[in-house]
**Student:** 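There's a structure below that I have some questions on.
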Amino acid sequence: MESQQTLSAEIAAIHQQHRDAVAAGETPETQPRRNFPPYRSSLLRHPTKSLHHADPETIELVSPAFGERDVHPLEADLTIQHDGEPIGERIVVAGRVLDGDGRPVRNQLVEVWQANAAGRYVHKRDQHPAPIDPNFTGVGRVITGDDGEYRFTTIKPAPYPWKNHHNAWRPAHIHFSMFGTEFTQRIVTQMYFPGDPLFDLDPIYQSITDQRARDRLVAVYDHSLTSHEWATGYRWDIVLTGGDRTWTEDDAEAEEH
């Protein structure tokens with residue numbers, strides 16, 4: 001398998017090409033390239049042929065549906081879904097869902113999923129030798145409030161290995177999904193934690209060639225969200241449109257890496 005050094009050199013070369021293009025007057029790339037060679041399987045995670053038009057109304061006839069009453073407030077606390085306490089650092093993650101003009105997006109379904117404190121998902125495809133926490137499933141959901149706000153209580157996830165190259169590790173992150181006003185509008189993104197030493201080594205995070213756009217995926221520590229002897233806190237806003245839009249994945253990329 002290829003080494004991290006090989007992948008890092010490829011990432012550095014692509015980023016330098018982007019910086020040179022911006023210096024020459026081109027617009028910065030704030031969204032990831034569909035085919036980012038250091039992310040080896042990216043070629044398999046996006047369409048390679050022309051897309052076909054689909055009638056949105058026909059799609060919605062067979063799509064799932066939900067109402068505000070279908071989402072219970074307790075679903076936003078990922079630490080109380082089982083009989084015992086999950087292992088790990090308890091955290092609060094809160095923020096707002098906004099449009100490109102800074103206006104709140106109300107009544108938005110926000111779903112999260114993540115690895116546990118050992119870096120393991122409760123998923124049959126995740127077989128790396130880290131313990132599964134019987135008291136932590138790692139999924140939750142909430143409806144945004146009038147100010148576009150959301151809030152989750154969870155456990156801080158750990159990094160985990162993946163098979164992109166030899167000794168490849170993903171930075172700790174939480175997956176976010178938003179459904180807009182229709183299920184055909186679903187977008188998926190990832191939130192990272194500040195100061196992670198794996199940022200520079202991760203081809204998925206680095207597939208966004210613009211540094212400012214990458215920075216928008218990183219939450220900030222917010223002491224006002226903490227609880228005495230209970231939880232630390234992180235704040236992260238999600239911008240759906242405009243020049244400061246939060247990076248989002250294609251549906252095909254939304255499966256766990």
Side-chain angles (χ1 to χ4, degrees), residues 1 3-4 7-8 11 38-41 75-95 110-141 150-177 188-208 214-223 225-227 229-236 247 249 253-257:
M1 297 182 67
S3 69
Q4 180 66 59
L7 270 291
S8 295
I11 292 171
Y39 177 14
R40 293 300 189 234
S41 62
E75 292 183 72
D77 190 340
L78 284 67
T79 69
I80 61 172
Q81 298 172 349
H82 300 276
D83 293 335
E85 291 281 348
I87 302 297
E89 176 188 347
R90 189 182 294 106
I91 62 174
V92 171
V93 177
V110 180
E111 297 180 317
V112 295
W113 65 96
Q114 63 169 92
N116 64 22
R120 182 81 182 267
Y121 285 91
V122 182
H123 193 286
K124 63 182 180 180
R125 291 179 59 186
D126 188 348
Q127 297 296 318
H128 98 271
I132 292 176
D133 188 341
N135 293 312
F136 188 75
T137 303
V139 295
R141 59 181 185 166
Y150 72 87
R151 182 185 179 101
F152 290 98
T153 301
T154 185
I155 296 297
K156 189 174 182 180
Y160 59 83
W162 62 310
K163 300 183 184 300
N164 187 73
H165 54 279
H166 179 69
N167 199 22
W169 290 82
R170 295 250 34 231
H173 60 277
I174 298 176
H175 295 266
F176 277 72
S177 164
V188 177
T189 186
Q190 298 178 17
M191 185 206 86
Y192 296 87
F193 294 88
D196 197 313
L198 293 172
F199 283 157
D200 290 344
L201 308 180
D202 180 43
I204 294 179
Y205 177 76
Q206 295 294 336
S207 67
I208 308 168
R214 288 198 299 274
D215 292 343
R216 289 195 288 270
L217 294 180
V218 182
V220 296
Y221 176 78
D222 188 340
H223 203 65
L225 292 175
T226 65
S227 297
E229 296 185 352
W230 185 251
T232 55
Y234 294 87
R235 187 171 300 278
W236 188 57
W247 166 81
E249 302 177 24
E253 294 177 348
E255 298 181 5
E256 183 44 46
H257 309 297

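All values reported here derive from a predicted model rather than from experimental measurement. Each residue takes its place number in the sequence, starting with 1.
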**Student:** Mind telling me whether Tyr205 and Phe199 have parallel, tilted or perpendicular rings, with 30° and 60° as the class edges?
**Tutor:**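 It falls in the parallel class, under 30°.
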
**Student:** Indicate the atoms forming the closest heavy-atom contact of Ala158 with Ala118, along with that distance.
**Tutor:**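 So the two residues come closest at CB-C, 3.8 Å.
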
**Student:** Identify, with sequence neighbours excluded, every residue that meets side-chain hydrogen bond (donor to acceptor under 3.5 Å, both in side chains) alongside Ser8.
**Tutor:**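 Here the qualifying residues are Gln4.
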
**Student:** Answer yes if the ring centres of Trp236 and Phe152 are under 6.0 angstrom apart, and no otherwise.
**Tutor:**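 Centroid separation for Trp236 and Phe152: 6.0 Å or greater.
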
**Student:** Less than 4.5 Å apart, side chain to side chain, heavy atoms only: is that true for Val112 and Leu78?
**Tutor:**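 They are in contact (side-chain heavy atoms under 4.5 Å apart), so the answer is yes.
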
**Student:** Show me the pairs that pass side-chain hydrogen bond (donor to acceptor under 3.5 Å, both in side chains) and involve residues 193-202, at least two apart or across chains.
**Tutor:**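 Qualifying pairs: Arg170-Asp202.
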
**Student:** Using 0.5 Å steps for rounding, measure from the OH atom of Tyr39 to the CG atom of Leu7.
**Tutor:**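 CG of Leu7 is found 12.5 Å from OH of Tyr39.
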
**Student:** Working to the nearest 0.5 angstrom, can you tell me the gap between Ile155 CD1 and Ile87 CD1?
**Tutor:**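 Nearest 0.5 Å value for the CD1-CD1 distance: 8.5 Å.
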
**Student:** Quick check for you: to the nearest 0.5 Å, what is the distance between Trp113 atom CH2 and Arg141 atom CZ?
**Tutor:**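 Nearest 0.5 Å value for the CH2-CZ distance: 13.5 Å.
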
**Student:** Which label fits His175 and His173: parallel for a plane angle under 30°, tilted from 30 to 60°, or perpendicular past 60°?
**Tutor:**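 Because their plane-to-plane angle is over 60°, the rings of His175 and His173 count as perpendicular.
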
**Student:** Would you indicate whether Asp83, at its atom CG, is surrounded by more than 12 heavy atoms from other residues, nucleotides or ligands within a distance under 6.0 Å?
**Tutor:**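 Counting neighbours around CG of Asp83, 12 or fewer heavy atoms of other residues, nucleotides or ligands fall under 6.0 Å, so no.
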
**Student:** State, to 0.1 Å, how close Ala117 and Gly88 come at their nearest heavy-atom pair, and which atoms those are.
**Tutor:**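 Residues Ala117 and Gly88, closest heavy atoms: CB-CA, 3.7 Å.
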
**Student:** Could you pull out all residues at least two apart from Asn135 that satisfy side-chain hydrogen bond (donor to acceptor under 3.5 Å, both in side chains)?
**Tutor:**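 Partners of Asn135 under the side-chain hydrogen bond (donor to acceptor under 3.5 Å, both in side chains) test: none.
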
**Student:** In the structure I gave you, are the side-chain heavy atoms of Pro203 and Trp162 within less than 4.5 Å of one another anywhere?
**Tutor:**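 Contact flag for Pro203/Trp162 side chains = yes.
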
**Student:** So, do Pro194 and Val220 sit near enough that their side-chain heavy atoms are less than 4.5 Å apart?
**Tutor:**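 Pro194 does not reach Val220 side chain to side chain.
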
**Student:** For the atom pair OH (Tyr234) and OG1 (Thr226), what is the distance rounded to the nearest 0.5 Å?
**Tutor:**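 One finds 11.0 Å between OH of Tyr234 and OG1 of Thr226.
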
**Student:** Less than 4.5 Å apart, any side-chain heavy atom of Leu217 and any of Ile208?
**Tutor:**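 A side-chain contact under 4.5 Å exists here.
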
**Student:** For Tyr150, check side-chain hydrogen bond (donor to acceptor under 3.5 Å, both in side chains) against everything at least two apart and list the hits.
**Tutor:**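 In terms of side-chain hydrogen bond (donor to acceptor under 3.5 Å, both in side chains), with neighbours along the sequence ignored, Tyr150 is linked to no residue.
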
**Student:** Would you say Arg151's side chain and Ala94's backbone share a donor-acceptor pair under 3.5 angstrom?
**Tutor:**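 Looks like no, no N/O pair under 3.5 Å.
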
**Student:** Could you pull out all residues at least two apart from Arg120 that satisfy side chain to side chain contact (heavy atoms under 4.5 Å, CB included)?
**Tutor:**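 Here the qualifying residues are Asn116, Asp126, Gln127, His128, Ala130, Ile132.
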
**Student:** Considering residues at least two apart in sequence or located in another chain, which fulfil the side-chain hydrogen bond (donor to acceptor under 3.5 Å, both in side chains) criterion with Thr153?
**Tutor:**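 Thr153 satisfies side-chain hydrogen bond (donor to acceptor under 3.5 Å, both in side chains) with no residue once adjacent residues are dropped.
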
**Student:** How long is the span from the OG1 atom in Thr137 to the CD atom in Gln114, to the nearest 0.5 Å?
**Tutor:**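 Rounded to the nearest 0.5 Å, the OG1-CD separation comes to 10.5 Å.
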
**Student:** Could you grab the distance from atom OH of Tyr221 to atom OG1 of Thr232, nearest 0.5 Å is fine?
**Tutor:**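 If we round to the nearest 0.5 Å, Tyr221:OH and Thr232:OG1 are 6.0 Å apart.
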
